[in-house]
Amino acid sequence: MSESTDATIPQDAIARLNSMRADINRGLFTSNLSVNEFLLVREAGFRPLGLVLGSSVYHVGVQLRSWSRNQELTVLSEAMYHARELAMARMEAEADALGADGIVAVRLEIEMKDFGSNIAEFIAVGTAVKADSGSGVTWRNNLGKPFTSDLSGQDFWTLLQAGYAPLGMTMGTCVYHIGRRGPVRTVLQSAGNNEIPQFTEAFYDARELAMGRMQAEAERLEAEGIVGVQLLSLPHQWNGHTTEFFAIGTAVRPLRDDHTIATPNLVLPLTD
Amino acid sequence: MWCGSNGDWSDSAPPVSSGTGDRWSSQSDFRRLSYLGWDEAITRLVAEAKALDADGVVGVRLLQRDLGASIREYLALGTAVRAFGVSERAEHPFTTDLSGVDVTKLLQSGWAPVSIVVALATAIRHADRETRRYSRRWNRSGNDEVDGLTNLIAVARNDARAEFRSRARATRATGALMSSITATTRSEKCDSPRRGTLDHVAQVEIFGTAVTIFRRRAARRYAGPALTIMPLTTRKPNA
């Protein structure tokens with residue numbers, strides 16, 4: 001996949017970020033945090049600096065697919081990956097301009113736009129945070145970038161309590177075309193209970209590819225592991241035989257050797 | 001609406017946004033009118049709350065509805081609350097789109113909601129060769145970022161965020177919690193001397209609550225440290 005850091009931020013954005021810096025000293029922040037997240041992020045020793053956002057409007061190319069064969073649609077895989085990368089890189093560049101240590105509560109979204117067919121906006125939005133001084137920990141990751149995390153404020157707090165720090169969001173994607181079965185086999189398989197090997201194989205293959213790519217990203221960050229992984233199958237606007245398998249999680253590293261947390265209290269909630 | 005390219009038809013002409021409205025005022029007019037709707041709805045909500053001797057309004061929902069023929073309804077709906085044992089009432093009740101539970105948590109940690117913040121922005125851009133090509137139904141082009149549209153949406157979002165911040169600052173808050181940011185886009189026929197061409201329009205809306213700190217020192221002690229609990233229900237990540 002192409003390694004794009006072409007983080008073009010419009011001129012007004014740079015002006016806004018600069019005035020945001022001045023605001024931080026006067027103590028105004030903006031954020032996309034919920035109240036729970038906001039209070040817990042403060043409790044964990046971080047100060048929200050401001051809302052950061054990156055976006056890219058992308059035209060997803062067209063690829064011919066075989067009627068009956070399972071295959072990865074590399075053109076589409078690359079598009080889904082590259083566009084997300086562009087959005088993320090722009091968000092990181094904004095956080096960098098604010099002098100942030102990291103970005104929490106990152107949400108990645110895709111919105112189809114009615115500018116034309118196959119055009120979508122890829123958005124990354126999160127809250128840039130800075131650690132209260134005196135912790136003596138370098139929060140930036142081995143690539144010198146602010147850490148990113150798609151964990152909720154609650155998970156972020158728990159992770160820090162247990163002596164782990166987030167390094168960066170890692171993702172892997174694979175757009176897969178599941179071959180059609182042909183009329184004879186469809187009829188034969190329609191009567192009884194049986195597994196449909198072509199579909200099983202396709203799902204396996206695609207998930208493995210997506211997870212493998214996510215893992216490779218974590219290795220590049222020299223992470224100990226990945227937490228909060230979500231494995232999604234997103235049909236987007238394609239036909240029923242084409243699906244994107246998307247794996248996303250937060251790579252973590254240990255901060256210290258012991259990883260004990262206060263014994264949790266058992267709670268019986270009165271709600272369902 | 002006219003795209004306001006102002007005679008600059010080159011592909012590199014920047015988008016006109018409500019923030020750069022001096023160049024072409026239609027965009028800033030649009031914003032002014034939408035603000036009028038929201039601000040009026042919120043002012044009436046506050047007036048009702050005042051009539052009830054309330055200290056604040058929690059769980060405010062902001063709804064809008066298209067009634068056709070260029071008529072729009074703006075609706076602000078919330079629950080007025082009153083504090084116990086307060087001898088003096090604040091002149092302006094606070095408003096927030098946060099739930100009562102969230103407001104309590106904030107208050108216990110030394111933060112208070114101040115006011116709902118609505119921020120709007122629009123941007124418009126004349127179609128260029130690249131965006132026209134992608135607008136065609138059956139185009140066979142490969143993967144590519146659409147620079148013009150990316151720029152258009154970035155400008156609109158950026159404008160809205162600057163608005164959000166300056167409107168939050170105007171309430172003398174120390175922070176602002178955004179609850180939603182939505183971008184809607186459309187392409188429409190350009191009314192310019194160059195007929196038969198398209199304009200791309202992006203509209204961004206941000207809603208949130210401005211908050212302020214009122215008990216800097218005591219904050220932590222009052223709320224106590226967070227309690228680690230292990231819920232017996234299953235919870236989806238990021239839920």
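In what follows, every chain begins at residue 1, and chains take the letters A, B, ... in the order their sequences are listed.
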Atom pair [atom1] ([X]) and [atom2] ([Y]), whose distance is rounded to the nearest 0.5 Å:
{"X": "A/Ile119", "Y": "B/His200", "atom1": "CD1", "atom2": "NE2", "value": "8.0 Å"}
{"X": "B/Ser179", "Y": "A/Leu33", "atom1": "OG", "atom2": "CG", "value": "12.0 Å"}
{"X": "A/Leu86", "Y": "B/Thr150", "atom1": "CG", "atom2": "OG1", "value": "8.0 Å"}
{"X": "B/Asn151", "Y": "A/Ser56", "atom1": "CG", "atom2": "OG", "value": "11.5 Å"}
{"X": "A/Phe29", "Y": "B/Arg165", "atom1": "CZ", "atom2": "CZ", "value": "13.0 Å"}
{"X": "B/Glu145", "Y": "A/His82", "atom1": "CD", "atom2": "NE2", "value": "7.0 Å"}

Which atoms of [X] come close to chain B, meaning under 4.5 Å heavy atom to heavy atom: side chain ones, backbone ones, both, or neither?
{"X": "A/Val52", "value": "backbone"}
{"X": "A/Leu51", "value": "both"}
{"X": "A/Glu109", "value": "neither"}
{"X": "A/Gln161", "value": "neither"}

Work out which heavy atom in B/Ala173 is nearest to a heavy atom in A/Leu28; give both atom names and the distance.
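Heavy atoms of B/Ala173 and A/Leu28 come nearest at O-CD1, 3.4 Å.
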Restricting to non-hydrogen atoms, name the atom on B/Ala183 and the atom on A/Glu111 that form the minimum distance, rounded to 0.1 Å.
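Heavy atoms only, the tightest pair is O-OE1, 3.8 Å.
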Which of the residues B/Val117, B/Thr184, B/Val146, B/Val101 is involved in the greatest number of heavy-atom pairs with chain A at under 4.5 angstrom?
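Heavy-atom pairs under 4.5 Å are most numerous for B/Val146.
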Mind ranking B/Ser99, B/Ala176, B/Ala168 by heavy-atom pairs under 4.5 Å with chain A and telling me who comes out on top?
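Heavy-atom pair counts peak at B/Ala176.
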Partner of B/Leu177 by side-chain contact (heavy atoms from CB on, under 4.5 Å), out of A/Asn32, A/Thr30, A/Val35
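Going through A/Asn32, A/Thr30, A/Val35 one by one, the side-chain contact (heavy atoms from CB on, under 4.5 Å) with B/Leu177 is satisfied by A/Val35 alone.
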By a 4.5 Å heavy-atom criterion (distance strictly below it), what part of [X] contacts chain A: side chain, backbone, both, or neither?
{"X": "B/Ala210", "answer": "neither"}
{"X": "B/Leu106", "answer": "both"}
{"X": "B/Ile206", "answer": "neither"}

Quick one: does A/Tyr58's side chain get under 4.5 Å of B/Leu149's, heavy atoms only?
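No; the side chains remain at least 4.5 Å from each other.
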Mind checking whether A/Leu53 and B/Ile181 have side chains closer than 4.5 Å, heavy atoms only?
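SC-SC contact between A/Leu53 and B/Ile181 confirmed.
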For residues 94-104 of chain B, which residue pairs qualify under salt bridge (Lys or Arg N to Asp or Glu O under 4.0 Å), counting only residues two or more places apart or in two chains?
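Checked against salt bridge (Lys or Arg N to Asp or Glu O under 4.0 Å) - neighbours excluded - the pairs reaching residues 94-104 of chain B are B/Asp102-B/Lys105.
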Salt bridge (charged side-chain N to carboxylate O under 4.0 Å, His left out) with A/Glu37: which residues, sequence neighbours excluded?
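By the salt bridge (charged side-chain N to carboxylate O under 4.0 Å, His left out) rule, A/Glu37 matches A/Arg107.
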A/Ala79, A/Ala105, A/Ser34, A/Gly54: which one forms the most heavy-atom pairs within less than 4.5 Å of chain B?
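When all of A/Ala79, A/Ala105, A/Ser34, A/Gly54 are compared, A/Ala79 has the most.
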